[in-house]
2 protein chains.
Amino acid sequence: MNKNDTTKSRILDAAEQLFAERGFAETSLRIITARAKVNLASVNYHFGSKKSLIQDVFDRFLSDYSSGLGAKLAELESESSDELDTEKLLRALVSPLLLLEKKRKHSISIFMRLLGRAYAETQGHLRRYVTNKYGFVLVRFTLLFQKAYPNLSNDQIFWRLHYTLGSLIFTLAGSEALTDIARVDFKRSMQIEEVIEEMIPFLTAGMKA
Amino acid sequence: MNKNDTTKSRILDAAEQLFAERGFAETSLRIITARAKVNLASVNYHFGSKKSLIQDVFDRFLSDYSSGLGAKLAELESESSDELDTEKLLRALVSPLLLLEKKRKHSISIFMRLLGRAYAETQGHLRRYVTNKYGFVLVRFTLLFQKAYPNLSNDQIFWRLHYTLGSLIFTLAGSEALTDIARVDFKRSMQIEEVIEEMIPFLTAGMKA
DNA sequence: AAAAATATCAAACAACTGTTTGAAACATAC
DNA sequence: GTATGTTTCAAACAGTTGTTTGATATTTTT
């Protein structure tokens with residue numbers, strides 16, 4: 001049987017879509033299993049609980065993304081500080097995203113919406129889970145920025161990195177709706193790659209303000 | 001009876017807090033009424049439904065904010081284009097927020113978290129409601145930016161405005177958690193006013209990149 | 001003070017939630 | 001082909017949800 005058409009992966013596919021569209025609490029297991037065309041009980045059989053399903057949806061994205069990012073970071077870490085600049089670092093951050101998008105259409109926007117929702121879960125289990133398991137990537141990234149900008153204080157870098165993440169997550173999460181508006185208002189149809197390209201000079205300028 | 005201690009306003013107070021903390025679907029009417037120390041049925045009596053309660057929570061914030069912003073925008077609209085700059089416009093955007101914060105502690109972060117959640121509700125009733133009722137403010141703001149930056153194309157302004165909103169909402173929504181981290185990591189405790197001050201040069205540089 | 005309108009209350013409602021169960025179907029190994 | 005392990009399925013479970021009800025209390029009007 002095709003690995004992408006097992007009961008388990010069909011549940012993951014349906015769940016990640018619906019979670020991104022409607023949120024975690026607003027998405028019932030019955031809606032997921034109906035969309036995935038599998039039996040209701042199979043979620044608890046394959047994943048144990050709804051909580052674990054949510055975590056597994058994240059894991060599939062994050063392990064893909066952070067392995068791609070890890071390679072990029074390793075490259076950059078071996079470079080000297082005067083070779084580093086914001087644009088290079090930002091491209092390291094987004095290029096694994098574009099890889100995801102190539103493998104599966106709209107996955108950037110789905111991924112970013114999920115991230116936004118996880119972030120909004122200020123006190124929930126999900127935020128803890130994500131930060132515990134993947135927080136070290138953010139740390140590595142912060143260190144690179146510190147190396148690239150020795151004149152900026154550490155907390156300035158901390159904050160600017162968060163401004164950047166805010167722009168990225170917010171814009172890419174809403175990219176479908178926003179490109180729609182741009183298309184009718186400015187008669188300009190954009191791909192997500194183009195949206196990202198537009199964003200890089202903005203963020204670069206801010207970073208070294 | 002004190003206007004701020006009616007059943008209705010106690011429900012609004014409890015609801016806005018809990019919605020910001022936990023989300024809309026994750027917050028039951030029973031939790032709200034328990035926190036507000038009122039009877040369960042009073043929500044449906046005073047607001048009609050949970051949906052309307054959510055909208056009314058927004059209305060209280062948005063009418064406060066957008067009336068403050070409206071005055072600022074009127075000022076700016078009467079200025080000539082060479083008097084306008086990004087910093088002025090950004091300050092017009094955030095100064096009504098700081099007024100809210102003065103009236104009630106933590107209201108910026110609550111407000112931004114609510115906005116973030118409303119924004120995440122891509123297909124929900126709330127997003128429609130907010131954009132229908134308050135979308136014109138964003139339009140006015142866009143026009144001012146176009147006036148201030150005649151060399152930028154309209155869609156560039158459109159996108160950069162969204163990057164800015166992303167930074168603002170994302171950072172201010174998480175400002176409590178982030179200032180906590182900054183305090184222990186950098187031994188630096190920050191007020192929200194300071195966070196905003198730090199953000200303005202970043203966004204200004206990006207806007208005129 | 002009587003009457004009318006407004007507000008509060010405990011209790012019940014139907015609908016929906018995630019999860020469990022035990023039997024049936026299927027696959028794999030001997 | 002029988003036995004063993006794995007997966008699917010319909011049905012039921014207990015708990016929570018938003019909402020409604022009708023009685024009681026409170027306030028306002030006359």
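We name chains A, B, ... by the order of the sequence lines, and we start the count at 1 in each one.
- Side chains of B/Leu62 and B/Val137 form no contact here, defined as non-hydrogen atoms less than 4.5 Å apart.
- Residue contacts for B/Thr27: at a heavy-atom cut-off of 4.0 Å it reaches the sugar-phosphate backbone alone, with no base atom in range.
- Within the 4.0 Å cut-off from OP1 or OP2 of D/dT7, not a single side-chain nitrogen or oxygen of A/Thr7 is found.
- Aromatic ring centres of A/Phe170 and B/Phe170: separated by at least 6.0 Å.
- Atom CD1 in A/Ile31 sits roughly 10 Å away from atom C1' in C/dC16 (whole-Å rounding).
- Taking the six-membered ring for Trp, B/Phe186 and A/Phe158 have ring centres closer than 6.0 Å.
- As a whole-Å value, the separation of A/Arg30 CZ from D/dC9 C1' is 14 Å.
- DNA chain C lies under 4.0 Å from at least one heavy atom of each of the following residues of residues 37-47 of chain A: A/Leu40, A/Ala41, A/Asn44.
- In this structure, the side chains of B/Asp13 and B/Arg60 come closer than 4.5 Å at one or more pairs of heavy atoms.
- Results of the side chain to side chain contact (heavy atoms under 4.5 Å, CB included) test with A/Met199 over A/Leu90, A/Thr164, A/Val94, A/Leu168 single out A/Leu168 as the only residue that passes.
- When the C1' atom of C/dT19 is taken as reference, atom CD1 of A/Ile11 falls 14 Å away, rounded to whole Å.
- For A/Phe111 and A/Tyr65, the ring centers are positioned less than 6.0 Å apart.
- B/Ser28 has a side-chain polar atom (N or O) that falls below the 4.0 Å cut-off from OP1 or OP2 of D/dT17.
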